[in-house]
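Note sheet for the following structure.
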Protein chains: 2
Amino acid sequence: MRVLLVENDKMIGSAVRDHVSSSGHAVDWAEDLRTARDLQAVASYELVLLDLGLPDGSGLDLLREMRRRGDAAAVLILSARDQIASRIEGLNAGADDYLTKPFDLAELRARVSAVSRRYLSQPSPERRIGPLGIDSANRKVTRDGETLALSAREWAVLERLARSPGAIVAKSEIEDALYAFGAEVESNTVEVYVLRLRKKIGREMIATVRGMGYQLVGNGG
Amino acid sequence: MRVLLVENDKMIGSAVRDHVSSSGHAVDWAEDLRTARDLQAVASYELVLLDLGLPDGSGLDLLREMRRRGDAAAVLILSARDQIASRIEGLNAGADDYLTKPFDLAELRARVSAVSRRYLSQPSPERRIGPLGIDSANRKVTRDGETLALSAREWAVLERLARSPGAIVAKSEIEDALYAFGAEVESNTVEVYVLRLRKKIGREMIATVRGMGYQLVGNGG
DNA sequence: ACAAAGCTGACACGGGCCTGAACGCGCCGG
DNA sequence: CCGGCGCGTTCAGGCCCGTGTCAGCTTTGT
């Protein structure tokens, strides 16, 4: 797995790089946003470890750029700011997870491994579930060959359901997939996105199991 | 996923139990080491949430026992001691992760989900009991290959019975599995759910043992 | 035969779920 | 600079089914 590390502190940077690369991943290290952009122009990464306090801007800017251009790489934010506010801001910008300094290197490695596992467990780029084709790498969904346009949240819900097709997924699990943790939602967001998803991929594709959760029906075969 | 919660504080215990079970996992709650050992003797758990300060000893003892006998279950330590020392001690004893109180419930849920994901990628955990197939991870029940639609309570009853197939389970035990600690039930709820379950999975699957309880028959083979 | 225990159909209620609509916000084109 | 648009989020109204309860019946043990 290719990992891009964006971190200006030399001590932390080298420690993280050594640790992650010793886990068997290829790590490129950029000390500022400019270098990070240059590296991303010539190589693609499955995971970005992102510091927020950089000399030439905020890491969140890079994250937003990535998401805007459709880069689906996993992003793990490393930041000294432990306030809930910046945490939520990062997650809203499309980060997958958040580690506050000082963090345990073993914990970092565990999260990196989790991302790695996610990618390894999907050998085939496109996954077929009934009439649906789900392309995780490109965040694309097709139904009967036609490409569907899903919003970010809609995609998140679908991907969570597709992770274990046929399984009943609790609402709280979907919520976790949408907001990671730290953020709080006070209304029926999940229900609304399930509704919108159903309108796009077909009502019959998602079954409600009252009191338990939702279920992506594998059409039964 | 089967989760064993070992926690003596009733407030924390019930909160954690409700939260984790709402994510779709089956949670057994032991308030001391002795109970925890008893539960582990009759059931197997994929995850143990372990408090260290228990009335009859340290949770670390239980953890060491588990590792000694080759129990590979994931262990997540919940402890008020935030010192590095005990943290390292716990990790050395074979814990997978460490949460210090007070911890964010959403964060706990996220870690539990991480463990769950790890286990979901493993081959089918489906359990066969006569003509029944019980998939605890996906909350699915099949009879002769056909998927049955169970309500939340019906599923809870079936899962409790399936935990020890062939054993006689007292009504009070089923009641405990249905309702959170301290809930009041004033009527024959268990009987009613056994009735409804029987209608779906087949009358002969659940035997009544008068004066003692119910029994999920493994058909004898 | 009698009492205790369990079985079963019916029913009212509450809450889980669905859905349309509205609002704020960031983004884009004019 | 401004108006439109897409998206995320919240809210209210309404539906519907799971749930709990009860009454009456059947079964079991003595």
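Proteins get letters first, then strands, A, B, ... in listed order; numbering begins at 1 in each. Heavy-atom basis, side chains included; hydrogens, waters and symmetry copies ignored.
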Taking [atom1] from [X] and [atom2] from [N], how many angstroms apart are they, rounded to a whole number?
{"X": "B:R198", "N": "C:dG6", "atom1": "CZ", "atom2": "P", "result": "11 Å"}
{"X": "A:R196", "N": "D:dC7", "atom1": "CZ", "atom2": "P", "result": "9 Å"}
{"X": "A:E65", "N": "C:dG26", "atom1": "CD", "atom2": "P", "result": "17 Å"}
{"X": "A:N188", "N": "C:dA22", "atom1": "CG", "atom2": "C1'", "result": "14 Å"}
{"X": "A:R64", "N": "C:dG26", "atom1": "CZ", "atom2": "C1'", "result": "10 Å"}
{"X": "A:Y193", "N": "C:dG20", "atom1": "OH", "atom2": "P", "result": "16 Å"}
{"X": "B:Y214", "N": "D:dT27", "atom1": "OH", "atom2": "C1'", "result": "13 Å"}
{"X": "B:E191", "N": "D:dT27", "atom1": "CD", "atom2": "C1'", "result": "13 Å"}

Nucleotide nearest [X] (side chain, heavy atoms from C-beta), chosen from [options]:
{"X": "A:T208", "options": "D:dT21, C:dG6, C:dC17", "value": "C:dC17"}
{"X": "A:R210", "options": "D:dG20, C:dG16, D:dT10", "value": "C:dG16"}
{"X": "A:R153", "options": "D:dC22, D:dT9, C:dC17", "value": "D:dT9"}
{"X": "B:S151", "options": "D:dT9, D:dT19, C:dC17", "value": "D:dT19"}

Does a nitrogen or oxygen in the side chain of [X] sit under 4.0 Å from OP1 or OP2 of [N]?
{"X": "B:T189", "N": "D:dT19", "answer": "no"}
{"X": "B:Y179", "N": "D:dG20", "answer": "yes"}
{"X": "A:K171", "N": "C:dG16", "answer": "no"}
{"X": "B:K199", "N": "C:dG9", "answer": "yes"}

(request) Would you indicate what A:V192 reaches in the nucleic acid, counting non-hydrogen atoms under 4.0 angstrom: base, sugar-phosphate, or nothing? (result) base

(message) Is it the case that the side chains of A:T35 and A:D32 hold a donor-acceptor pair, with the cut-off being a distance below 3.5 Å and no angle test?
(response) yes

Main chain of [Y], side chain of [X]: is a donor-acceptor contact present, judged purely on distance under 3.5 Å?
{"X": "B:E7", "Y": "B:D9", "value": "yes"}
{"X": "B:S21", "Y": "B:R17", "value": "yes"}
{"X": "A:N8", "Y": "A:G53", "value": "yes"}

(message) Please determine whether side chain to side chain contact (heavy atoms under 4.5 Å, CB included) holds for the pair A:M205 and A:R143, giving the CA-CA distance in whole Å, both sets of side-chain angles, and the decisive distance to 0.1 Å.
(response) CA-CA 11 Å; A:M205 292 302 300; A:R143 157 125 198 176; 3.7 Å; yes

